[in-house]
Novice: 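I'd like to ask some things about the structure below.
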Amino acid sequence: MQFLPFRRRGGAGVAPGLVAATLVAGAFVAGAAGPAGAAPPSSGAGSKSASSSTSEGKPVDLGALFIGAHPDDESGSLSTFGQWGEQNHVRTGVITVTRGEGGGNAVGPEEGPALGLLREAEERRAVGKAGVTEVFNLDKVDFYYTVSAPLTEQLWDQDDTLEKVVRLVRQTRPEILVTMDPAPSPGNHGNHQEAARLALAAYYAAADPNAYPEQLSKEGLKAFAPAKVLLSRARGTGPTGPTCVDTFTPVDPTQDIYGVFSGARSQRLGKTWAQVEREAQREYASQGWAGFADAPTDPAQLGCDRFTQVASRVPYAQVGTPAAAAPSAILDGALTRPAGTVPLGTQLHVDSAFDVEPGTPGQVTVRVQAPKGANLGVSSVALRAPAGWQVSGDGDLGKIRPGSSASATFTVTPPATGAGDTRARLEAFLTTKAGTGYAATQVEVASEVRTEQQPLPQVASFEQWARQVGVPQLSGFVVPVLTLPSGGSRPIDYTVTNTTDTAQSGTVALDLPDGFGADAASRPFADLAPGASTKVTFTVTNTDASLPTSNEGGTDGADAGDYAYTVTTTTAAGATSVAKPALELVPTTTIEAAATAPTLDGTIGADEYPGEALDISRLWEGTACGSAADCSGTTHLTRTGDTLYVGVEVRDDVAGTPLATDDCKRHWRTDSVEIALDPRGTSENTSTTFKLGVLPFTAEGPACALRDADNHQGPIAETAPGVRWASTVSSPYTGYTVEVAIPLAELPASVDPDQLGVNVLVYDSDTQDKTGQTRIGWSTWGGVQGDPYRWGRARLADYPRPADRPTADPIIPNTALTSVESPQTLEQAVRVHVPLSGGVVAPAGDSGRLTGARLGRAPETTVEVDLRATGAGEAHVFVVDDSGTAGKLVVPVADARRTTVTVPLDRALGANPRVLAGWVAPEDAGTLASKVALRH
């Protein structure tokens, strides 16, 4: 544990006041009174004088920082951020890695960078309702929905993005970091996972002077150690109502989980923070959230925002005590100091190896450091372990003077017998003359020999990352699952690891649920060296093909769709360990060849599709169908030659929004069918699959087709020109039928005829606001559209396997809005003096800024703008008012010069006209935002 200088804020440790701002139609109005009624920042919070007109200067000083992937990711925590701002004057900012260009748009035709600009404006309005005024965009691409963090890491350039996050943390110096779930939990967006991993890595890297050292040596920043980092989620169950703050049953009782009640009322706004949060969420109209109902008025129906603390450098409120139930509990020790506790800036950490062995003593060190301005005096620490553990050691720390540190080392011995692979909490209680403090750490008692079912690739990647970055306590929460075709078999590897310092032998046995069998009851391992691993393999079979598949399957007590089972490892000495993985059954079918190709006319004729019809009426997301007439469907599959034919019959009682033919994209916004094919049945993510969306009707009438979130997205004529389709829509409306012919040569790889991955999904909308309510399909789990391993399996009967076709490299959207193209970002950069996009200020020799602006001659349809450049670059100039952008111009500059450019206006100017510019130095060497008032 490295101790770094830690700041103490002025007075009683309260952060500077919130800056309030209002975003009106995309224009940022700096210094306006915010929804929480907070005051503009003082000069001590990093602001400059009113005459300042560039993003150069001392950056804004934040108390808390949320790090997410898209606009709206912070929306479930705004109740808490609002309370912190109003009650504790904590200034919160938001890092949003992308602007959400890959999302849908329920309010207009914008897509790509134009949609990013719209969604950024929505986010600024939304968070502003909770008093949050700083949104930092990193300009990374939002390519499409995926559950793959590895794919996200690749497309975001992980090191570049982490460098930007670290720079922003060092610039804005927040004591509290809040982020999302980094684990590949089923359905968890891969972008969300990666954003959380960046946040957790930045917690450590920002404090390390050896991480991105040029930020310190060349940019003038300092290493900064945030006090705490938390996830904006918790695994477990708890009630609604005011008692939710201290009544929660976690999956892992050793975690520190806090609740902040959303039913608390804002004194300034006269409504609950739950309602404020709901009004903020409605700002995300492009995502179909404008129609969200009001929050309940009954406090008993309102719940808590929940946060899981991952790491802390400071003392904190002990979970289960009254202090931990306060709305400010997360702030305690970092930004607030409850009575009787140690001064702010005191650091307290319990340092222990995460993995401990039964009956084996280990060293645990408690480290304390006093702030420079506070004397802790005579101090001591006590270490508490669970019942049955042994603790020995002297906790005397002596006198801890201002700025000095002390430590105490204890010997801790877990019980020699008992269940392995269990977690425990080691708690430190600090006593000083200046107050008390509490901190804890998690450890895991390892079994002598442990066995793990082979993980999915994304799970293996996460487990490796968690240990590398230093958060092993986050590992192990994703149940190891593998899919198994209904009625089929697969070999499964089980990794056996010896955690002791002596060689081990023994057996691995499977206890499978009814309807499953293995080729052996147990398998041996012998002479496994200390610390070594080996693999044993079983072939597992679904012996009862009548068992429910997908999310309708599963054993009692397991997650939906999971057939849980037990893996027991027994050593020769009699020690045992137990693992509880799961299997998931996916439906299977055989695609029979048709003697004659079906006629593509939007009707399913008799004998056109030999073989079984597939029921696609199973819910996987959204509101359950009210009846079969509300939403249900049947799919037919056949093949002739090298072409796959798919017929889909859908019953539906209300037609969704007819999209325009030129808006044939993001098919989930209305009634549509999605056909997903994984040519070899082995894809880790959808970038190596084929996913076809068909809208059965459009505003102009005919059906349209597209590819989405796969190997090559876009209009079907451009991405798979060999595909043909037809549809019929009943009159009066009771549903529709879609037929599609897909040449298998259009798939991104040769088909394996024995394990073609297949899914057919139906998106049902009963509204006219471009939002869907229900999703049904064949192989169904939440987020299944991004999970190829959970798609069904099909065998192509009598398919003459073609010669291997070349595997197509993925074509993935890579165009994102840049911050110099966003007037709202430029205005913020001038106000808070933080460079654009997590980058650096343009070098003095290649910089450019505005020096003046005035209306052109009558009839005043232009604005003349003065620009001073010290070298080559490019200026993005915007004329804005309180209603938005009225004119813009990109100005290339070849060398140092003063120049005047004329910006044409698209409309007459309204209130508060001004000019903004974003300067880009050559070779992405840096940026500068500047702003001038518009003279008449």
Side-chain angles (χ1 to χ4, degrees), residues 64-70 73-74 76-77 94-98 100 102 136-170 174 176-208 211-212 225-226 228-235 252 255 307-312 354 442 455-478 684-685 687 783 786-787 838:
L65 181 65
F66 177 89
I67 301 172
H70 317 102
D73 285 348
E74 79 299 312
S77 301
V94 175
I95 290 179
T96 305
V97 179
T98 81
F136 305 102
N137 293 104
L138 301 189
D139 300 355
K140 296 298 179 178
V141 65
D142 179 30
F143 46 100
Y144 53 64
Y145 174 78
T146 179
V147 294
S148 174
L151 180 64
T152 305
E153 176 183 323
Q154 174 186 346
L155 292 176
W156 281 1
D157 186 349
Q158 183 188 47
D159 190 64
D160 176 72
T161 310
L162 178 58
E163 181 178 8
K164 290 183 173 185
V165 176
V166 169
R167 181 180 287 112
L168 278 164
V169 170
R170 287 171 171 172
I176 308 291
L177 298 183
V178 181
T179 190
M180 309 185 78
D181 181 4
S185 307
N188 188 18
H189 200 309
N191 289 183
H192 296 171
Q193 297 173 47
E194 182 63 16
R197 296 181 197 185
L198 290 165
L200 292 165
Y203 172 81
Y204 295 103
D208 183 358
Y212 307 107
K228 302 179 183 183
V229 60
L230 303 99
L231 310 183
S232 58
R233 68 153 297 170
R235 289 181 168 86
D252 176 7
Q255 288 186 322
F307 302 87
T308 301
Q309 183 171 285
V310 178
S312 176
F354 179 70
Q442 295 169 274
L456 293 165
Q458 59 265 44
V459 175
S461 172
F462 169 72
E463 297 288 331
Q464 181 182 27
W465 169 86
R467 290 190 173 268
Q468 285 178 342
V469 84
V471 289
Q473 67 271 29
L474 293 181
S475 65
F477 285 102
V478 179
E684 189 275 331
N685 60 71
S687 70
D787 261 338

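In this text, all values refer to a predicted model and were calculated from it rather than measured experimentally.
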Novice: Distance check, rounded to the nearest 0.5 Å: Asp157 atom CG versus Lys140 atom NZ?
Specialist: 5.0 Å
Novice: Answer yes or no: is there a side-chain heavy-atom contact under 4.5 Å between Pro455 and Phe462?
Specialist: no
Novice: Quick one: pull up CZ in Phe66 and OG in Ser77 and give me the separation to the nearest 0.5 Å.
Specialist: 5.5 Å
Novice: Is there a side-chain contact between Leu231 and Leu474 in this structure, where contact means two heavy atoms from C-beta onward sitting under 4.5 Å apart?
Specialist: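 SC-SC contact between Leu231 and Leu474 confirmed.
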Novice: Is there a donor-acceptor pair under 3.5 Å between the side chain of Gln442 and the backbone N or O of Phe354?
Specialist: no
Novice: Would a 4.5 Å heavy-atom cut-off, applied to side chains only, mark Leu151 and Tyr144 as touching?
Specialist: yes
Novice: So do Ser687 and Thr146 actually touch side chain to side chain, heavy atoms under 4.5 Å?
Specialist: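 No. Closest side-chain heavy atoms not under 4.5 Å.
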Novice: State whether the side chain of Asn188 and the backbone N or O of Ala183 hold a donor-acceptor pair below 3.5 Å, judged by distance alone.
Specialist: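 Indeed, once roles are kept as given, a pair shorter than 3.5 Å links the two residues.
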Novice: For Val141, is there any backbone N or O sitting under 3.5 Å from a side-chain donor or acceptor partner on Thr98?
Specialist: no
Novice: Identify the residue among Arg167, Arg170, Lys164 that makes a side-chain contact (heavy atoms from CB on, under 4.5 Å) with Tyr212.
Specialist: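 Single pass found, and it is Arg170.
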Novice: Taking side chain as C-beta onward, heavy atoms only, is Gln458 less than 4.5 Å from Asp787?
Specialist: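 Result yes, sub-4.5 Å side-chain heavy-atom pair found.
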Novice: Which pair of non-hydrogen atoms, one from Met180 and one from Ser232, has the smallest distance, and what is that distance?
Specialist: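 That closest heavy-atom pairing would be CA-OG, 4.1 Å.
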Novice: Taking it one step at a time, do Leu198 and Gln158 satisfy side chain to side chain contact (heavy atoms under 4.5 Å, CB included)?
Specialist: CA-CA 8 Å; Leu198 290 165; Gln158 183 188 47; 4.3 Å; yes
Novice: Nearest heavy-atom pair of Ala195 and Gly68: which atoms, and what distance?
Specialist: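 Looks like CB-C, 3.7 Å.
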Novice: Should the pair His189 and His70 be assigned to parallel (<30°), tilted (30 to 60°) or perpendicular (>60°) ring geometry?
Specialist: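 Ring orientation of His189 relative to His70: tilted.
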Novice: Give me the one residue out of Thr179, Leu230, Val471 that meets side-chain contact (heavy atoms from CB on, under 4.5 Å) with Val310.
Specialist: Val471
Novice: For Asp252 and Arg235, what are the C-alpha separation, side-chain angles and deciding distance, and is it a side chain to side chain contact (heavy atoms under 4.5 Å, CB included)?
Specialist: CA-CA 8 Å; Asp252 176 7; Arg235 289 181 168 86; over 6 Å; no
Novice: Working note: Trp465 + Leu200, criterion side chain to side chain contact (heavy atoms under 4.5 Å, CB included); need CA distance, chi angles, decisive distance, verdict.
Specialist: CA-CA 11 Å; Trp465 169 86; Leu200 292 165; 3.6 Å; yes
Novice: Provide the closest heavy-atom pair for Val169 versus Pro226 in the form atom of the first, atom of the second, distance.
Specialist: CG1-CG, 3.9 Å
Novice: Starting from the C-alpha separation in whole Å, work towards a yes-or-no answer on side chain to side chain contact (heavy atoms under 4.5 Å, CB included) for Asn191 and Phe143.
Specialist: CA-CA 9 Å; Asn191 289 183; Phe143 46 100; 3.8 Å; yes
Novice: Given side chains that start at C-beta, do those of Gln473 and Gln255 come closer than 4.5 Å, heavy atoms only?
Specialist: no
Novice: Using side-chain heavy atoms (C-beta onward) and a distance below 4.5 Å, is Arg197 in contact with Val469?
Specialist: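 A side-chain contact under 4.5 Å is absent here.
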Novice: Examine distances only and state if a side-chain atom of Thr161 and a backbone atom of Trp156 form a donor-acceptor pair shorter than 3.5 Å.
Specialist: yes
Novice: Could you check Ser148, Pro184, Pro182 and say which one makes a side-chain contact (heavy atoms from CB on, under 4.5 Å) with Gln193?
Specialist: Pro184
Novice: Locate the shortest heavy-atom distance separating Gly470 from Tyr204; write the atom from each residue and the value.
Specialist: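 Smallest heavy-atom distance, with atoms named: O-OH, 3.6 Å.
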Novice: Does Leu168 reach the side chain of Leu138, with side-chain heavy atoms less than 4.5 Å apart?
Specialist: yes
Novice: What are the two closest heavy atoms between Val147 and Gly786, and how far apart are they?
Specialist: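 Distance-wise, the nearest heavy atoms are CG2-O, 3.1 Å.
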Novice: Looking only at non-hydrogen atoms, find the nearest pair between Glu463 and Gly476 and report the distance.
Specialist: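 Glu463 and Gly476 have their closest heavy atoms at OE2-N, 3.0 Å.
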Novice: Which distance, rounded to the nearest 0.5 Å, do you find between the CG of Leu456 and the OG of Ser461?
Specialist: 11.5 Å
